Engineer: 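Dumping the structure here so I can ask a few things about it.
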Amino acid sequence: MRAKKHLGQNFLTSAQAISSMVSTADIKELDVVLEIGPGKGILTRKLLSTGATVFAVEKDSELIPKISETFAQEIKEGKIGRASCRERV
């Protein structure tokens with residue numbers, strides 16, 4: 001899937017950058033993280049690996065089913081919350 005620039009999407013791909021972000025934020029077990037635009041879930045996976053609970057808000061209606069499928073078990077276990085946003089016309 002290609003990034004939709006009109007939505008401001010930029011998909012993270014660098015494992016080093018993701019590790020650095022999570023480390024710098026000092027995210028720990030029992031923390032609650034609000035992730036805006038989880039995209040393909042690369043950062044989401046790393047956040048979950050810390051033991052934190054992640055609430056992921058995705059605007060792109062094409063990505064919501066993919067995130068839901070990728071993290072079905074985590075959603076079921078309550079480790080990840082999710083929401084979709086729809087623009088009002």
Side-chain angles (χ1 to χ4, degrees):
M1 170 174 254
R2 295 177 58 105
K4 296 176 184 169
K5 297 302 177 184
H6 70 279
L7 292 177
Q9 291 176 334
N10 290 289
F11 297 126
L12 291 171
T13 57
S14 168
Q16 182 179 352
I18 291 166
S19 290
S20 178
M21 290 167 54
V22 172
S23 176
T24 300
D26 195 29
I27 297 168
K28 294 182 175 49
E29 189 173 1
L30 303 180
D31 284 350
V32 177
V33 178
L34 174 61
E35 182 183 13
I36 307 297
K40 298 178 181 181
I42 308 289
L43 177 59
T44 310
R45 176 87 47 218
K46 186 70 172 175
L47 292 168
L48 288 168
S49 75
T50 68
T53 298
V54 178
F55 286 88
V57 181
E58 181 56 64
K59 184 176 182 177
D60 187 339
S61 61
E62 290 180 26
L63 287 173
I64 295 168
K66 293 176 185 193
I67 289 291
S68 296
E69 182 180 325
T70 300
F71 295 103
Q73 187 63 36
E74 291 85 350
I75 292 168
K76 184 177 179 181
E77 294 171 358
K79 295 178 182 175
I80 182 169
R82 62 194 170 109
S84 61
C85 297
R86 300 199 190 280
E87 287 187 52
R88 296 185 186 252
V89 180

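Residues take their numbers from the sequence shown, with the count starting at 1. In this text, all values refer to a predicted model and were calculated from it rather than measured experimentally.
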Engineer: List the atom of T53, the atom of G78, and the distance in Å for their closest heavy-atom pair.
Structural biologist: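 Heavy atoms only, the tightest pair is CG2-O, 3.9 Å.
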Engineer: With the threshold set at 4.0 Å, does a side-chain nitrogen-carboxylate oxygen contact exist between E74 and R45?
Structural biologist: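 Yes, charged N to carboxylate O under 4.0 Å.
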Engineer: Quick check: is I36 connected to F55 through a chain of hydrophobic side chains (ILVMFWY, heavy atoms under 4.5 Å apart)?
Structural biologist: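 Yes: a chain of side-chain contacts under 4.5 Å links F55 to I36.
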Engineer: If I compare all heavy atoms of T44 with all of P38, which pair ends up nearest, and what's the gap?
Structural biologist: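 Residues T44 and P38, closest heavy atoms: OG1-CB, 3.5 Å.
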Engineer: If you take all heavy atoms of A52 and I27, which pair is closest and at what distance?
Structural biologist: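 Looking at all heavy atoms of both residues, the closest pair is CB-CG2, 3.6 Å.
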Engineer: Looking at every non-hydrogen atom in both residues, tell me the closest pair between E58 and I64 and how far apart they are.
Structural biologist: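 E58 and I64 have their closest heavy atoms at O-CD1, 3.8 Å.
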Engineer: Tell me whether T70 contacts the main-chain N or O of I67 through its side chain, where contact means a donor paired with an acceptor under 3.5 Å.
Structural biologist: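 No, the answer is negative, given that no donor and acceptor are paired below the 3.5 Å cut-off.
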Engineer: Roughly how far, to the nearest 0.5 Å, is CD of E35 from CG of L43?
Structural biologist: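 The CG atom of L43 sits 4.5 Å away from the CD atom of E35.
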Engineer: Hey, quick one: are L30 and V32 part of the same hydrophobic cluster, counting side-chain heavy atoms closer than 4.5 Å, chains of contacts allowed?
Structural biologist: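 No; tracing contacts between hydrophobic side chains, which count when under 4.5 Å, never links both residues.
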Engineer: Could you pull out the closest heavy-atom pair between L48 and K79, with the gap in Å?
Structural biologist: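 Reported closest heavy-atom pair: CD2-O, 3.3 Å.
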Engineer: Start with the C-alpha gap between D31 and T50, add the side-chain angles, then the distance that decides, and say whether side chain to side chain contact (heavy atoms under 4.5 Å, CB included) holds.
Structural biologist: CA-CA 9 Å; D31 284 350; T50 68; over 6 Å; no
Engineer: When rounded to the nearest 0.5 angstrom, what is the spacing between CD1 in I18 and OG in S23?
Structural biologist: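 Answer for the CD1-OG pair, I18 versus S23, is 13.5 Å.
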Engineer: Closest heavy-atom contact between A56 and I80?
Structural biologist: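 A56 and I80 have their closest heavy atoms at CB-CD1, 4.3 Å.
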Engineer: Crowded around E77 CD? As in, over 12 foreign heavy atoms under 6.0 Å?
Structural biologist: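 More than 12 within 6.0 Å, yes.
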